[in-house]
Protein chains: 2
Amino acid sequence: MSGNAKSPAAVRTVAGKTRIQKENETRILRAALDVFSESGFHGATLDRIASEASMSKPNLLYYFKSKEEIHVALLTDLLDVWLAPLRAIRPDGNPVDEIGSYIRRKLDSSRSFPRESRLFANEILAGAPHIGDFLQTELKQLVEEKAAILQRWIDEGRMAPCDPRHLLFAIWSTTQHYADFSVQVRHVLGLGAGDKSYYDEAARMLDTLFLGQLISRPGSD
Amino acid sequence: MSGNAKSPAAVRTVAGKTRIQKENETRILRAALDVFSESGFHGATLDRIASEASMSKPNLLYYFKSKEEIHVALLTDLLDVWLAPLRAIRPDGNPVDEIGSYIRRKLDSSRSFPRESRLFANEILAGAPHIGDFLQTELKQLVEEKAAILQRWIDEGRMAPCDPRHLLFAIWSTTQHYADFSVQVRHVLGLGAGDKSYYDEAARMLDTLFLGQLISRPGSD
DNA sequence: GTCTATAATACGATAGAC
DNA sequence: GTCTATCGTATTATAGAC
């Protein structure tokens, strides 16, 4: 059928990987996301990853040459997903709709992919040793593109004058906070371990903060 | 003079520690803050801490029984400093002044103590294994106390209705972001390693966000 | 209090049989 | 592809001389 069907026993796909290869790589990456996001790169061990993947350590290292290679694979897979909400900002929309949607998408990411968020946070906190290039090139370029849109809205008087890039920082930090610092959020609010009920109130807060006027000044009514 | 002057050679202070003890402990803690904040708990090694403290590893372990004990000492020292800005919010002030001052103090903390901020972030991200109790008791209580003040301002119509605790989360995340994610901030802005010039623009952004109205709605002028 | 030497172990990675 | 066994190293911590 497809390209390289040399080895008789191993039925290969077009990607050159057998079904079992893909399954095992997926199992490893899933387990590694658990462990890396919970303990950071140095705190994670191949023993725990192998254990969570129900696989022996040497077998795990048959699929990925090193611990670092697993980590890089996770980060690389993550980046596209991570940037999707920002990419979705349209120049032909209006500030309230576009920024509002962006905040909702980012907050949904935080709620749905907290492990990915913490993996990313750990990497940045460690000085971005693996994705420094990505930050300086791809992310920087995307931010400049979207900041130009926001700047146009500012110039048109539809938003308060501010540095659009710092507005993006504020959106990133407030939304990701609920994933990265969830332990603190839950402890302060008195919630249990798996409780994510605070996300509804968080969404209201961020709407008020970014789309409304938080503080009434005398005579502004 | 003071309490226990038993040992002849070692001149002790009221705290029961010789001058050289205090000096060495300070040197160790300073070096440990560097290393822990840069590499996290598991990424840090006693070798590097000892080296940065210009001290042999066994000598370092003469002052602190274990790596964890150094880490806990740093976190404990940090907590009071960390909460000082929040404690300073006065009930008899007005929202703009009090929240504005709080944001400035938090942002100053971020700029002046980025290593402390990253140490804290690493601890939370790891699930707060050492300061979970603190978060659930002391921090929770303080937040409730200050949230009550904010709630009163809301009830008096001086602030938009919102969950005050989530407002505090937003202030924490936006201000600490500039320390914890400084690598990303600098890479996106195209700044060099030690460059902290973005803090001025950050202060303006946070003023606009928390104290002004970010987005003009039609007819609100 | 400070050092050298070293114990004890955890961990990443490999060798080689099957 | 998967396993058992193991190597080599990094790292925490201690022993014991000075």
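Labels below follow one simple rule: chain letters A, B, ... track the order of the sequence lines, proteins then strands, and each chain is numbered from 1. Note: hydrogens, waters and symmetry copies are ignored here, and every other heavy atom, side chains too, is used.
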Under 4.0 Å between any heavy atoms, over every strand shown, what does A:Ala44 touch: base, sugar-phosphate, or nothing? Just pick one. sugar-phosphate
Please pick, from C:dT2, D:dT14, D:dT12, the nucleotide with the shortest atom-to-atom distance to any side-chain atom of B:Ile20. C:dT2
Grab the NZ-P distance between B:Lys67 and C:dA8 for me, whole Å please. 21 Å
Taken to the nearest whole Å, CG/B:Asn59 to P/D:dA17 is 18 Å
Going by heavy atoms in the side chains, are B:His166 and A:Leu189 under 4.5 Å from each other? yes
Atom pair distance, as rounded to whole Å: NZ in B:Lys17 and P in C:dG1: 11 Å
B:Ser56 has a side chain; which of D:dC3, D:dA13, C:dC3 sits nearest to it? C:dC3
Nearest of D:dG1, D:dT12, C:dG1 to any side-chain atom of B:Lys57? D:dT12
Value in whole Å for how far the C1' atom of C:dG12 lies from CD1 of A:Ile49: 11 Å
In terms of side-chain heavy atoms of B:Leu61, which of C:dG1, C:dA13, D:dA13 is nearest? D:dA13
Rounded to the nearest angstrom, tell me the gap between atom CG in A:Leu60 and atom P in D:dT4. 14 Å
Between A:Asp180 and the options A:Ser117, A:Ser37, A:Ser173, the side-chain hydrogen bond (donor to acceptor under 3.5 Å, both in side chains) test singles out A:Ser117
What integer distance in Å separates A:Lys65:NZ from C:dT14:P? 10 Å
Measuring to OP1 and OP2 of C:dG1, would you say a side-chain N or O of B:Thr18 lies under 4.0 angstrom away? yes
Nearest whole angstrom, please: distance from the P of C:dG12 to the NE2 of A:His42. 11 Å
State plainly whether the residues B:Arg111 and B:Asp108 are in salt-bridge range, i.e. N to O under 4.0 Å. yes
A:Gln136 and B:His187 have their tightest heavy-atom pair at CG-CG, 3.3 Å
So which one's nearest nucleotide on DNA chain D is more toward 5', A:Tyr62 or A:Pro58? A:Tyr62
Take atom CD of B:Glu23 as the centre, draw a 6.0 Å sphere, and report whether it contains more than 12 heavy atoms from other residues, nucleotides or ligands. yes
Closest nucleotide among D:dA15, D:dG1, C:dT2 to the A:Tyr63 side chain: D:dG1
Spacing of A:Leu46 atom CG relative to D:dC7 atom P, expressed in whole Å: 19 Å
